[in-house]
Amino acid sequence: MNQLNNPTAQAVDNVLIYIFGFSLLLLLGITVVTIYFVVKYRRSKCPEPTSQVEGSWLLETIWTVLPIIIVMTMFWYGWSNYVGLREIPADAMEVKATARMWSWQFEYPDGRKETKLYVPVNKPVKVLLYSTDVLHSFFVPAFRIKRDTVPNMESYVWFQAPETGSYDIFCAEYCGVGHADMTTSVEVLSEEDYAQWASSATVSADPRGLIVLNEQGCIGCHSLDGTENIGPSLFELAGNPREIEKDGKTIEIIIDEAYLQRAIRDPDAEITKGFDPMMPAYDEEAINNEDLQAVVDYLLGKVAEEEPDGDRLMVENGCIGCHSLDGSESIAPTFKGIGQREVTIERDGQSVTIKVDAEYLRRALLDPNAEIVKGFAPMMPAADYLSAEEIDAIIKRLLQE
Amino acid sequence: MIIKGLLPMSIEHRDDTGARFGMWLFLYTEVILFSGLFILYSVGLAKFPQQFAEASHKLNIYFGTINTLVLLTSSLTIALAITAIQKNKIKLTLNLCFVTIFLAIVFLINKYFEWSAEIGHGIYPGSEHLAEMGPGITAFFNLYYFTAGLHGFHILIGGTLIAVVATLIAKGKVTSDRYTLLENSALYWHLVDLVWIFLFPLYYLIL
Amino acid sequence: MTEHKHEPVPFRTFILIWFALLVLTVVTVAVSRVHLGAWNIWVALTIASIKSSLVVFIFMHLRQESKLFKIGLLTLLIIVAIFIGLTFTDVLYR
Amino acid sequence: MTNEPLKYTGFYSESPRPGILGWLLSTDHKRIGIMYLVCIVTMFLVAMCLGLALRLELIAPGPTIMGPQTYNATFTVHGIIMIFLFIIPSIPAAFGNLVLPIQIGARDVSFPKLNLLSWYCYIIGGILAVISIFAGGGAPDTGWTFYVPFSTQTTTNVNLAVTGALMLGFSSMLTGINFVTTIHRLRAEGMGWGRLPMFVWTLYSTAWIQILATPMLGITLILIVLERVFGAGLFDAARGGDPILYQHLFWIYSHPAVYIMILPGMGVISEIIPTFSRKPLFGYWAMAFSSLAIAFAGSLVWAHHMYASGMSDFAILVFSFLTFIVAIPSAIKVFNWVSTLYKGSIQLAPPMLHALAFIFNFAIGGLGGLALGAAASDIHLHDTTFVVGHFHYTMFGGTGFAFFAALHYWLPKFTGRMYNHKIAVISWGLVFVGFNVTYMAMQAVGVQGMPRRYYDYLPEFMPLNVVSTVGSWVLAIGLVMMFVNLWNGIRRGHPVGKNPWGSATLEWTIPSPPPMENFGEEDPIVTKGPYDYKGVVADEY
Ligand code: HEA
Ligand code: HEA
Ligand code: CUA
Ligand SMILES: [Cu+2]
């Protein structure tokens, strides 16, 4: 529990200190009085009681009213500081946190997905909480924040970290065998580090072609969404007709790979009708052939061939929360050596042993409860939220094991 | 060692008021049991008023109304049975008990037809047809089946109870000056009626 | 531990109450066919409450029982109301 | 010490049926009470060993003696047994049955057969719970709270455990019905409401909670089973249900249940403190009404377990307020106990030591409850080991110690034999110290943010966890000593007379062990209050 000077922690700590302080006083008072009475009136010294008093309504009133006052201050202080935990500063950034058995996924507004929560220092962060399966709870002791993630319901917490560093995130609502391992961290980065992380993020997550478009400044003149700019939009090019001026004549061509390559290497040879011939030429020095190909592919919408990274997908989607890569068996079969394995599965109440292949893995992913690996519980969630490409990538990766 | 008078120790303390009071306490527990389902119902209604009304229309109001009348009448007959036994009209008491049991059976048969019709329409907990109709309607029918099911179960118990008491009356073990058992069974039976008095408008009659 | 015997309730009373119950049932069905919006449910509940009081006080002889029974019933109703009411502090304001 | 084999008299030997059936079919409240006591203590010992295992696992990060699944099953079973099989029936069903009818001058409870039935419900529930540990799917791993949707998805034996809990709920309810009726109907002549011993008042309040709250647990558990068996979907968000609603229903019972646990304990303390001070209980009516007030107010606060659940903020406001209200009657009780000591003649006999420890532990647990009741601080403390500390302080430090106090106070009455006082005092010291070390450390590590139900934790939490585990061993030694001493006392202790402590309530006016009919042929006529010590002398033993 790092002692942090952050707003949410302060709100909670004030209440804690107030209540614990008062409690300590009361406890001490009661204990001291009790011990004093026990010692003073012990039987060896007082063989007979010296009073037979049966009560006192005055005292009863006092110790009814006083505690009422005390606890009401506690209640009010606790409530008013709680309100601070729910009211989010206007400039907060938003991150989606999805909990599932037994891992966390954080999704940034630009679509980037991470397993740790990266945030800039001194910036209020609103974390939107979701769950895909059972109850979990997002708990960061350093910020004193906690909130359950409930299936089909959105909730949130917020915090602001005044110092960089790494702060633990726990799952605080019991969720099964992986509950204690469902931990990750908030990584609070300085503004520069965060900016760098954020940009590296966009770049590495994007297809190479788009990165080149960004890096080369193409986007400065071309839009990607169909709006006209200095240059024609690069929106939906593949297979569309285009009127161009070539050697003084206007002809109509169909956009294809070769055309695009020419348009980048030698832009002035063919000018799109209605635009000025002002695009610079990019030779091999500026964009090598590989990148050129990537750009062209991207523009023609062939990015899909850019294969998703199976390893990354398995971490992001929490597979590793249940399956291990190192051969240890826990809740689910290990991935180690899965490509070569023969598995015994229960299907429609019967046991069959089959060799693992791509089709089996696909079924295991998409309809996991139809075939259950013997000795395991039918608890794996269907990975139907993944795209076909992503599934393929995971299967490919698993078969390499 | 005093062995004499030990066995009947529990009978020695004859306390009819106490027995009735105990029965009432037991009925409180039954009310709370159902109130759990009514909480779920009221929350569902607050969340999905439209869907609940729509789903309610799918229930057969005739079955519901007839069953209400049947239960009310059975409540009457068992109440009459108490007056009858107080007046030492054993024969009449027995007949009233039989009518009550008969009406309980009528209720259950009615319920059977009603449910078969609904299940025939693909409406039952966990059915696909239900799932297609969306969460509000599903919630309504799930609740309907479990509340009515629990109620039906109580009818079964209540009917059995009355049958047992009727045998005891016939055997002369429950008599005009010792009829707490009949009274308590009647109390139980009235509770079953009470639950239905609320169940009926809440499930069959919302618009 | 005084044992007081109940006077038998005349058959006639029971039959009258039964008749009232039948009438109320018809009324509640009839009213439910009239569109009153959210009021429908309250009307239905009110009629159901009247019906159940009749059953409780007459059929179940509560009228003849001692105060203890009545206080007990009141306690029960208060508790049920609390359970439902306090649950709604969450459900309605979520 | 006499070593001759013990010959029990009274209700041990007087029975219309000889042998074991004389017990299993007996409707005598004392025999049923003894049967409850035996079963409850057995279950207590089993669950305590599980608790010890939990602590052992937590001595270091990472799996030490068990893996995660085993750990989860262990704390679940520990929790289920402790709550449903030990603490809820502990004082009401065991000592309530033994003492209550005698204290009000009755020969038995109102419904002796129902009483026996409720014992059988208890046994069936207990058997089901035990089967659920060993049967096919593996021991239940949901936590004693059975939160959905996890409890409806896991493949372990939740159905069995839940059905077991259902039976136990039944048992508790029947006991409640029996006690309320008994207290209303069977008081002896002269036993007005103002002369009821405080133990009876607390049992009365408890019994009302048992009647009015337990069925809610019943329906909730039934719904879990239905959900698992038929896919009822009543708590499934995709089908119009609401998982948070489950928590409401569960806590509507389970919060009042904590007062089922503590109130009878408070009653025991209210008997013992006046006896060993030889002075009337201070503020009789305040004590009586605060019991009823706890029972009533305790029914209003359930959602304080749900501040972080996603419940509405308005509900948090309301429930936080109500939670603080419920602390007030408890405070009144504490102040009145302490005032009873004033100008008394205090004898530190073993029951009294346990009673004083009760006040201290319960104050710590209850004051910790205040930090949990305040909205802001609960957000941090919720589901950390601080909560675990809080409830062990109230349940074990409170009710547990009251149970020990009751054992030391009433066992001589019902067995007619006295245990060794010196060993009793030493074991009390070990238990008291071990207890506080174990759970104070647990609370502290919870404030640092260690979540509960974690078999594994970060290295920085280790020092306090080690302290806690070591404390649990001291506790274990003390408990073993205590139980062995009590056992020896039962077997070979000095015979005691009617009234070894000099108490003024009715059970001390009849022989130890009491005869079958409690007061013989004649029903007693009560002429003085329960704490009127004038002329009462303690028997030598
Ligand atoms: C015997 C059982 C018992 C008792 C008596 C109590 C008593 C109280 N409990 Fe506790 N509680 C539990 C058993 C018990 N609890 C259990 C089992 C859980 C966890 C369940 C789970 O999640 O598994 C729990 C959890 C729990 C929570 C939820 C925590 C969380 O999960 O986030 C809260 C929150 O408000 C709470 C509050 C209280 C309060 C305010 C009292 C009050 O009644 C306390 C009143 C007592 C005092 C206040 C002390 C005595 C008085 C004085 C010393 C005089 C001075 C006092 C004043 C001036 C105020 N308890
Ligand atoms: C009355 C209730 C009660 C009692 C007395 C105890 C007693 C103990 N409990 Fe229990 N506990 C609960 C009720 C109780 N518990 C509940 C409800 C939970 C929550 C479960 C959940 O999360 O769902 C819980 C959870 C819980 C946890 C938290 C698990 C987690 O969240 O990760 C831990 C961890 O340390 C623990 C430990 C202990 C220990 C060490 C004891 C010790 O006090 C035990 C001391 C006993 C011994 C050390 C054994 C002594 C041995 C003998 C006496 C045998 C002698 C035999 C003969 C003489 C024949 N308990
Ligand atoms: Cu996720 Cu605990
Ligand atoms: Cu609580």
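This is a predicted model, so every value here is computed, not measured. So that the names make sense, note that chain A is the first sequence line, chain B the second, and so on, each numbered from 1.
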- Query: Is any side-chain heavy atom of D/Met216 closer than 4.5 Å to a side-chain heavy atom of B/Ile39?
  - Reply: yes

- Inter-residue atom distance D/Phe230.CZ - B/Phe146.CZ, 0.5 Å rounding: 6.5 Å

- Please flag which part of B/Phe26 lies under 4.5 Å from any non-hydrogen atom of chain D: side chain, backbone, both or neither. both

- Query: CD1/D/Ile222 to CZ/B/Phe153 distance, rounded to the nearest 0.5 angstrom?
  - Reply: 8.5 Å

- D/Tyr120, OH: over 12 other non-hydrogen atoms inside 6.0 angstrom: yes

- Spacing of B/Ser35 atom OG and D/Leu249 atom CG [to the nearest 0.5 Å]: 8.5 Å

- Message: In the structure I gave you, are the side-chain heavy atoms of D/Ile219 and B/Ile32 within less than 4.5 Å of one another anywhere?
- Response: no

- Message: Given heavy-atom pairs under 4.5 angstrom as the criterion, report whether the side chain, backbone, both or neither of B/Leu150 touches chain D.
- Response: side chain

- Task: Name the region of D/Ile252, side chain, backbone, both or neither, that has any atom closer than 4.5 Å to a heavy atom of chain B.
- Result: side chain

- Residues of residues 203-215 of chain D with any heavy atom under 4.5 Å of a heavy atom in chain B: D/Trp208, D/Ile211, D/Leu212, D/Pro215

- Message: Is D/Leu223 close to chain B through its backbone or its side chain, or both, or neither, when contacts mean heavy atoms under 4.5 Å?
- Response: side chain

- Item | NZ (B/Lys87) with more than 12 external heavy atoms under 6.0 Å | yes

- So which of B/Thr29, B/Leu25, B/Leu33 actually passes side chain to side chain contact (heavy atoms under 4.5 Å, CB included) with D/Met173? B/Thr29

- Note on the structure: Turns out that what part of D/Ile177 lies under 4.5 Å from chain B's heavy atoms comes down to both

- D/Asp242 and B/Lys47: side-chain contact (heavy atoms from CB on, under 4.5 Å), yes or no, with the steps? CA-CA 10 Å; D/Asp242 181 350; B/Lys47 245 176 157 172; 3.6 Å; yes

- Residue D/Phe170 excluded, over 12 heavy atoms near CZ under 6.0 Å: no

- Task: Mind checking the NE2-CZ spacing from D/His184 to B/Phe21? Nearest 0.5 Å is all I need.
- Result: 4.5 Å

